[in-house]
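Everything quoted here is computed from the prediction, not taken from an experiment. Sequence lines set the chain letters: A, B, ... in the order given, protein chains first and strands last, and positions in each chain run from 1.
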Amino acid sequence: MANKFTEYKGLNLPVVAEEILSYWEENNIFEKSVTSREGAESFVFFEGPPSANGLPGIHHVLARAIKDIFCRYKTQKGYQVKRKAGWDTHGLPIELGVEKELKITKEDIGKKISIVEYNEACKKAVMRYTDIWNNMTRRTGYWVDMETPYITYKSKYMESVWWLLKQIYDKDLMYKGYTIQPYSPKAGTGLSSHEVNQPGAYQDVTDTTVVAQFKTIKETLPEVLQNIDGDLHFLAWTTTPWTLPSNTALTVGPKIEYVVVKSYNQYTFEPINVVLAKNLVGKQFAGKFTKVETSEELEAYQQGDKKIPYLVTTEHKGSDLVGIKYEQLLDYVLPYQNPENAFRVISGDFVTTEDGTGIVHTAPTFGADDAKVAKEATPEVPPLLVLDEEGNPAPLVNLQGRFRPEMGEFGGKYVKNEYYTDGETPEKSIDVELAIKLKTENKAFKVEKYVHSYPHCWRTNKPILYYPLDSWFIKITDVKDRMHRLNQTINWKPKSTGEGRFGNWIAGANDWNLSRSRFWGIPLPIWRTEDGKEELIVGSLEELKAEIKKAIDAGVENKDVYADFEVGNMSEENYEKVDLHKHVVDQITLVSPSGKPMKRESDLIDVWFDSGSMPYAQWHYPFENKELIDKNENYPANFIAEGVDQTRGWFYTLHAIGTMVFDSVAYKNVVSNGLVLDKNGQKMSKSLGNTIDPFTTLDTYGPDATRWYMISNANPWDNLKFDLEGIAEVRRKFFGTLYNTYSFFCLYANIDNFTYSEAEIPLTERPEIDRWILSELHTLIKFVDESYADYEPTKAARAISEFVQENLSNWFVRLSRRRYWKGDYQHDKISAYQTLYTCMLTVAKLGAPIAPFYMDRLYKDLIQTTGKENFESVHLAQFPVYDKSFVDKSLERKMEKAQTISSLVLSLRAKEKIKVRQPLQRVMIPVLDVETKADITAVADLIKSEVNVKEVELLDDASGILVKQIKPNFKVLGPKFGKDMKAAAAAIMQFGQEEIAKIEKTGKITIEINGKSSTLGITEVEITSQDIEGWLVANSGGITVALDVTITDELRKEGIARELVNRIQNARKDSGFEVTDKIHVTLQKDEHLVDAINSNLDYLTTETLTAKLEFVDQLENGTEITFDEVNTVLFIKKM
RNA sequence: AGUGAUAUAGCUUAACUGGUAAAGCGUCAAUCUGAUACGUUGGCAGAUGAAAGUUCGAUUCUUUCUAUCACUACCA
C-alpha cells in the first residue's frame, strides 16, 4: 500500500482514459465485473447489432454510452450483466456496397461473377471495418464482450433463425402471396423502400393523364339511378393510363357525396351522364364547361358551341354506389380467376376529394392501395392476371416493362417511353396512344398533361413501376392484438415513443413481407414442388440432412452437400464445415411426400428478421444453451437501447418474434435515443460537412468528458445538439473542479500523513459543515440511485455535477480550507479529511457509470493509501448505500441561508467597492421568527469567515426600524377566494406598516373583498422585511441583510495586514516554497504599513509562517507592492 | 399524407403534483483564493412559437394553427 496519495501536475483526460483502459485490459477488469457477480441475479441486456459496413459516427458514441451506463450501474448494484457484442452482416447496404466496389449490377451476379465469389466478397466487406468499430467501442469505454460476438452469417446463427421461422410457419402464420413493390424494369429488380427513398429518387415528370368514363351496367344500378336517360358513366382519373387495361374495380369513399351530372363529351360531343364527387364538379367542369340550371338550357347545346353546358342533378352517398357493375374499359382480356367479381364499385377509406374525381381507378396489379382495397372487398376483386406461356399467373406488363401479347396492338410495347433505348423511342407513348383510343371510343372525359413527382430507379435513372412480385409473408395481422397488449407491459423511455409511435404502428401493422430477392442473406428454408401444392420448411441442419437423405433415396438428389457435418456435434469446427447461404442451399433438391422433387424458394429472409432473432440466435438456441431462454436466465431483456430510428426496425422485429414464438415480450425496458445533430440543430451529413469524427473528439477531450457532456446536456431521447465547446466546458467545470478538489485534498493529506487510519469520527462529533455536506451527499446518493434505476441518466449526471461544483467545491472545501492548513492534526482536522474523503469516494462511485475512466482513476487513487476498500476497480465496487440517518434537512436549509446571506453581503461590498479583504464590523439581519433566528445563529461563524465581518447581529421586531412587505400566499389563498383572488391580492399588497404590524401581533386581520369580509391568518400571507432605515441593505429569498460599512482605523489596519498576508502568500507561491517552509520577511518602511503590522503582528506571522520580520529603510532586490495608500517593497527567503 | 417529438434570453438547458420564469455560455467591468480549476458581484437580454379554452392563477392541462425534426407510407 502506498503511503502517499498520488499527486498530479495537471488533468489530462485523454491520457487518464488511455492508462485506465490498459489497466482494465491487463487486469481483465471487464471479465471480472461479470465473473465476480457469478450466482447473483442477472440483469439481461441485448446488444443491437450494428452493421459494420460503414464507419462509426459520433452518434454511436452516444448510443454506446447509454447502453454502458446502465450495465455498469446494475453491476455496481450487484447484478450479473452479461453482454455479447454482435454484428449485423447481411443486407442490402452491404450488397450495394460490394456491387459498387466490383463495378457490377445485380444482373451480373451469377453471370460475370459466381454467387459463391459474390458472397465471399460480401463476407469480406462486412468485416472490413470491424477493427475500427471495435477500437471505437474500446475507446468510448463501452464494455461488451467483443471476443465472442454473435455474427449473423455464421451457420449457428442462421440455424437458429431457421428454427424460429419454422415455429412461426407451424403456427400457421406464414403464407405466400404477391405484393406490389417498386420495381425497376431496366435494372430488372425490385427496389426496397430504402432505395426508393434515396435522395434524388423522386423527380418531377410530365405525364399524360386521363379522366376515363366507365360505362355502368344498367341492371346493377340502384333504383334511384335506374330511370336516367341514356348511359351512366363513372369518372376516374389516372396519371398512369397504361394501368387502365388492368382496371378491375372503381373505389369510392363511403362518406363522400357524389352527384350525377348531365353534359356532353368534349371529344365526341355525345350527351353523357357522369358520376363524380360533388366537391370536384367545379374542378372537372372547368374551362370549356359552363354551369346551367335547367334541362332546357342543357338541351339547347349544339355541337360546335364554344361552351359546353352541364347540369348537376341528383346526389348520392358513396356507400350507395357500392356494388354497381360497369363494362370493362379496355376489354383485351379478363382476369383468369373469378372474372365475375371484377368491374364493380367498391369502397375504400383512403379516397379523398383533393384531386381527381373522388372515384379511384383501381388496378390491383399495379398499386399497393389498389391491391389492398381489392383484397378487402367482399367478394374479393380479382387482379388482372392472365396465365402466361408456362401457365403461371402474370400481369399485363412483363418484367421488362412491355405489354404482354394479350394487349393486341400494344403487345410488346414498353409502357413508358423512357424504357426504349435511344433512337428507338416511338413518337407517341403508350399513355398517349391509349388516350387517343379512349377519346375516339367515347371513353375519355378529359386528357391533360400533368406534372407530378415520380420515383426513379437510382441506378438507371428510369421511372420505376409498381409491380406485383411474389413474396413470403408473416401474418402480423393475426398477432397484432397480442403484440399490442404485450407492448403495454414494456417500459418505454420516452413513454410517448412506446404508446404513440410504436403502439400506433402495431395497431395498424400490415403483414410482414419477408422475401428479398438478393444473394447475401439467410435463405428462406422452404422447399416447394413446382406446382406449389406441396412444401416443406426446414428448422435445423439435422432436419435438412434427413430430408436430403430421403431425397437421395428417392433418387431426386444425388449427393449430400453437408456430408461432413455431424449432427449433434456443436463444436465450432463442425459448424465451420457447413455454409447455409444461397449458393449452397440452392443446390439442394428435396422430395415431397408424394415423391415429387422440391426446389428451394429462391428468396432470402429480410435482414430485420436476422436481428430480431438475436436474443435466441446469439446463443444458438434451442440447439445449445436451451436453459438461458427456457428458464428465463437470459430472456427477456431487462434493458435495450438503440436509436429512435429502430422503433420500426429492431424494436419491432424483436417484439414481433418474441410475441409469435414465445408469447412474451423480448425486452422490459427500452430507451430509444434521439439523434445527434450539429450545434445548429442541423442533421449531420457528409454532404454538409458538419460531421464530427468520434476519434478526434475522443483524442482531444477524452471519453469521460464526451460521455458526460452527451448525457448531461440532453435527455437521451431528445435530439442532442452536439457542440464541441460544450465538452470543453464540461471538462473545465466538472472534471476540472473534481480534479482540483482531489489535488487540494492530497496536498494536505500528504503533509499530515492522513491515511484514514484513525477511527471513524461519529457523525455527532463532526462540525456543522461536515454534517451538512454528508447530508447533501446522502440526499445525492438517493437521487442518483433512483434516477439510474428509472433510466434517467441525465438527471443523475446533472445532480452529481451540481453537488461537486456547488456543494463540495464552492462551499464545503472553500469554507473548510483553513481546517486543512491550520492547526494540529486533531479531531476537527481528521473529521475534515474523513468527510472530504468520503464525499470524493462516493462521487467516484456515483459517477462511474457515466465517466468510467476518470472515476476509476479517482477511486483507485483514493483507496491506494487507505485500504478502505480493496476492489481492483470502481466498477467492481458496490453502489453507495443511502443512509437516512445522515440526512438533516434543517441543516441543509440552514446552509442555504448562509449561502444567501453571504451572497447578499458580497453584493453589498461590491456595490460599495469594499474589498472582501477589508474586514467590516458587523452585518445585521432582521429575523421575524424564532426558527430563522436559530438557523442563522447556527451558521453565523461560517458567514463571518466567508464575508469577512466580525459580528452577525440579528434584529428582531422590537427594533422597530424594519420596513416590511407583505405578499399573499397564492397557493393557500387561491382556493379560498376563488374569483375574488385578484381583488384580495391587490388589497393585501396595499397593506401599510400598521396592518402588517397588526397581523403579526394578533395573527390575523379582517379585510373586505367585494363587499364580503374575511379573516386572513398569518399563514396565508408572507411577510418579509425589505428595508432598514438608514442602512445599506439587500434582500433575496425572504432574507434581508444590512451591512455596516464604517471602516474604523482599527479595521483599516487589519485590512492592510490581510492584504499584506495575501502578497506574502503569493510571493511564497511564486518562489516555489513548500507550504510548510518558515520564512524571513523583509519589508521597506512605510508609515501606514508599520502601524498596521504592529497591530496585527501575531495574525500576520502565523498566517504566513513568518519566523522573522524586519523593516529596512531601503530594499533593492524585492517585489514592489502597492495597494490603497501603501507603497512598499517585499523580500522573502527561506529560513 | 399519417404518426410521434420539439418550440423558453443571441446560444444550450431548468422550473416537483398548475402558484407568479431560473442557470450556464457569451460580453463588459469589478473581485475572492497557498486550489494553475471553479467561483463571487454588477451591467447587457426573454412577458415561455401563435391563437383560443379550462382556472382565482397556465411554461405546465385541453383544442386549433404555424415552424422544425424524425419515422413510415404514398401520390389515384
Side-chain angles (χ1 to χ4, degrees), chain A residues 9-11 193 197 209 236-240 243 251 350-352 354-363 367-370 452-455 466 494 496-497 499-505 508 643-649 674-675 677 679-683 712-714 717-719 721 723 725-726 729 732-745 747 798 804-806 809-811 813-814 817 821 902-903 906-911 913 915-917 946 948 967 969-985 1062 1064-1066 1068-1069 1073 1075 1103-1104:
Chain A
K9 287 225 170 62
L11 175 65
S193 56
N197 285 333
T209 69
W237 181 55
T238 180
T239 54
T240 50
T243 61
T251 309
F350 66 94
V351 181
T352 65
E354 268 159 39
D355 48 21
T357 63
I359 301 172
V360 178
H361 147 59
T362 304
D369 266 346
D370 304 33
H452 63 145
S453 79
Y454 194 84
Y466 286 92
S496 62
T497 299
E499 285 174 359
R501 191 187 275 212
F502 194 68
N504 291 342
W505 168 251
V644 67
D645 52 330
Q646 293 297 331
T647 308
R648 286 162 195 184
L675 300 163
L677 308 171
K679 62 179 176 181
N680 300 316
Q682 295 286 310
K683 201 177 173 178
S712 63
N713 193 51
W717 40 89
D718 286 331
N719 290 343
K721 291 182 186 165
D723 186 359
E725 284 299 311
E729 192 183 323
R732 254 189 7 250
K733 292 212 167 161
F734 177 67
F735 289 99
T737 302
L738 189 54
Y739 162 79
N740 273 288
T741 306
Y742 170 77
S743 300
F744 174 85
F745 168 81
L747 176 65
R798 285 176 179 167
V804 168
Q805 291 171 68
E806 300 303 324
S809 172
N810 283 329
W811 197 251
V813 176
R814 187 182 165 83
R817 271 176 303 194
W821 78 64
S902 302
S903 152
L906 291 174
S907 112
L908 286 173
R909 277 179 169 277
K911 218 177 266 172
K913 297 203 187 302
K915 289 182 293 197
V916 179
R917 258 183 234 123
E946 178 64 10
N948 197 13
K967 213 175 97 178
N969 184 338
F970 284 96
K971 203 166 185 170
V972 179
L973 287 180
K976 181 171 170 183
F977 282 107
K979 282 197 191 338
D980 296 327
M981 187 61 214
K982 266 187 183 149
N1062 172 257
I1064 294 172
Q1065 300 288 35
N1066 285 340
R1068 286 181 61 116
K1069 196 158 51 163
F1073 294 176
V1075 177
E1103 199 71 13
T1104 58

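Across all strands shown, U6(B) pairs with A67(B); the Watson-Crick or G-U wobble distances both stay below 3.5 Å. Pairing for U48(B) is absent, with no Watson-Crick or G-U wobble pair whose two atom distances lie under 3.5 Å. In this structure, G24(B) forms a base pair with C11(B), meeting either the Watson-Crick or the G-U wobble geometry with both donor-acceptor distances under 3.5 Å. When Watson-Crick and G-U wobble pairs are counted only if both distances are under 3.5 Å, A76(B) pairs with no nucleotide at all. Across all strands shown, U60(B) forms no Watson-Crick or G-U wobble pair with both distances under 3.5 Å. In a base pair of the Watson-Crick type (N1 to N3 plus N6-O4 or O6-N4) or a G-U wobble (N1-O2 and O6-N3), with each distance short of 3.5 Å, U55(B) is matched with no nucleotide. With a cut-off of 3.5 Å on both Watson-Crick or G-U wobble distances, the partner of A29(B) is given as U41(B). U17(B) is unpaired under the criterion used here, namely a Watson-Crick or G-U wobble arrangement in which both key atom distances are under 3.5 Å.
For U8(B) and C71(B), the C1' atoms lie 27 Å apart once the distance is rounded to whole Å. The same atom, P, is picked in U60(B) and in A51(B); the two are 13 Å apart, to the nearest Å. Taking atom P on both U6(B) and C16(B), the two are 15 Å apart, rounded to the nearest angstrom. When the C1' atom is used for both U20(B) and G24(B), the distance is 24 Å, rounded to whole Å. With C1' as the reference atom, A14(B) and G46(B) are 14 Å apart, rounded to whole Å. Rounded to whole Å, the C1' atom of A23(B) lies 25 Å from the corresponding atom of G57(B). Rounded to a whole angstrom, the distance from the C1' atom of C75(B) to that of A52(B) is 34 Å. Taking atom C1' in both U17(B) and G53(B), the straight-line distance is 22 Å, to the nearest Å.
Nearest nucleotide to the side chain of Arg814(A), out of G39(B), C32(B), C69(B): C32(B). Nearest to the side chain of Phe744(A), among C38(B), C69(B), A35(B), sits A35(B). Minimum atom distance to the side chain of Ser809(A) is reached by A35(B), of the listed C32(B), C25(B), A35(B). Minimum atom distance to the side chain of Trp821(A) is reached by A35(B), of the listed C69(B), A35(B), C38(B). Among U13(B), C75(B), C25(B), the nucleotide with an atom closest to any side-chain atom of Arg798(A) is U13(B). For Leu906(A), the listed nucleotide lying nearest its side chain is U40(B); candidates were C25(B), U40(B), A14(B). Closest to the Lys915(A) side chain, of the nucleotides A76(B), U13(B), U31(B), is U31(B). Listed candidates were U13(B), U6(B), A76(B). Nearest to the side chain of Asp718(A) is U6(B). For Lys733(A), whose side chain is taken as the heavy atoms from C-beta onward, the closest listed nucleotide among C25(B), C75(B), C32(B) is C25(B).
The distance from the CG atom of Asn740(A) to the CG atom of Leu747(A) is 11.0 Å, given to the nearest 0.5 Å. Glu946(A) contributes atom CD, which lies 5.0 Å from atom CH2 of Trp811(A) (distance to the nearest 0.5 angstrom). Atom CD of Glu806(A) and atom OG1 of Thr737(A) lie 9.0 Å apart (nearest 0.5 Å).
At whole-Å resolution of the value, CD in Glu725(A) and P in G26(B) are 8 Å apart. A straight line from CG of Leu738(A) to P of U36(B) spans 15 Å, rounded to a whole angstrom. In this structure, Glu806(A) atom CD and C38(B) atom P are separated by 13 Å, rounded to whole Å. At whole-Å resolution of the value, CZ in Arg732(A) and P in A37(B) are 10 Å apart. Rounded to a whole Å, the CG atom of Asn740(A) is 8 Å from the C1' atom of U36(B). As a whole-Å value, the separation of Asn719(A) CG from A7(B) P is 11 Å. In this structure, Gln805(A) places its CD atom 15 Å from C1' of A35(B), rounding to the nearest Å. Rounded to whole Å, atom C1' of A37(B) lies 13 Å from atom CZ of Arg817(A).
For Thr239(A), a side-chain nitrogen or oxygen approaches OP1 or OP2 of A76(B) to under 4.0 Å. Residue Asn810(A) places none of its side-chain N or O atoms closer than 4.0 Å to OP1 or OP2 of U40(B). An OP1 or OP2 oxygen of A35(B) is reached within less than 4.0 angstrom by no side-chain nitrogen or oxygen of Tyr742(A). Close to U12(B), at under 4.0 Å from its OP1 or OP2, lies a side-chain N or O of Lys721(A). For the OP1/OP2 pair of U31(B) and a distance below 4.0 Å, the side-chain nitrogens and oxygens of Arg909(A) include no atom meeting the criterion.
Remark: side-chain polar atoms of Arg798(A) are paired, donor with acceptor, to backbone N or O of Asn713(A) under 3.5 angstrom. At least one donor-acceptor pair closer than 3.5 Å links the side chain of Thr362(A) to the backbone N or O of Val360(A). Side-chain N or O atoms of Asn948(A) include one that pairs as donor or acceptor with a backbone N or O of Arg917(A) at under 3.5 Å.
Within 4.0 Å of Asp370(A), counting heavy atoms only, lies no atom of the nucleic acid at all. Residue Asn713(A) is in sugar-phosphate contact alone, with no base atom involved, counting any heavy-atom pair closer than 4.0 Å across all strands shown. Within 4.0 Å (heavy atoms only), Phe502(A) reaches no atom of the nucleic acid at all. Using a 4.0 Å heavy-atom distance criterion, Thr741(A) is classed as a base contact.
Just one of Asp370(A), Thr251(A), Thr243(A) meets the side-chain contact (heavy atoms from CB on, under 4.5 Å) condition when paired with His361(A); it is Thr243(A).
You'll find the side chain of Gln805(A) reaches within 4.5 Å of the side chain of Phe734(A), heavy atoms only.
Looking at every heavy atom in both residues, Leu11(A) comes nearest to Phe735(A) through CD2-O, 3.6 Å.
Take the nearest nucleotide of RNA chain B for Glu729(A) and for Gly736(A): the residue whose nucleotide is more 5' is Glu729(A).
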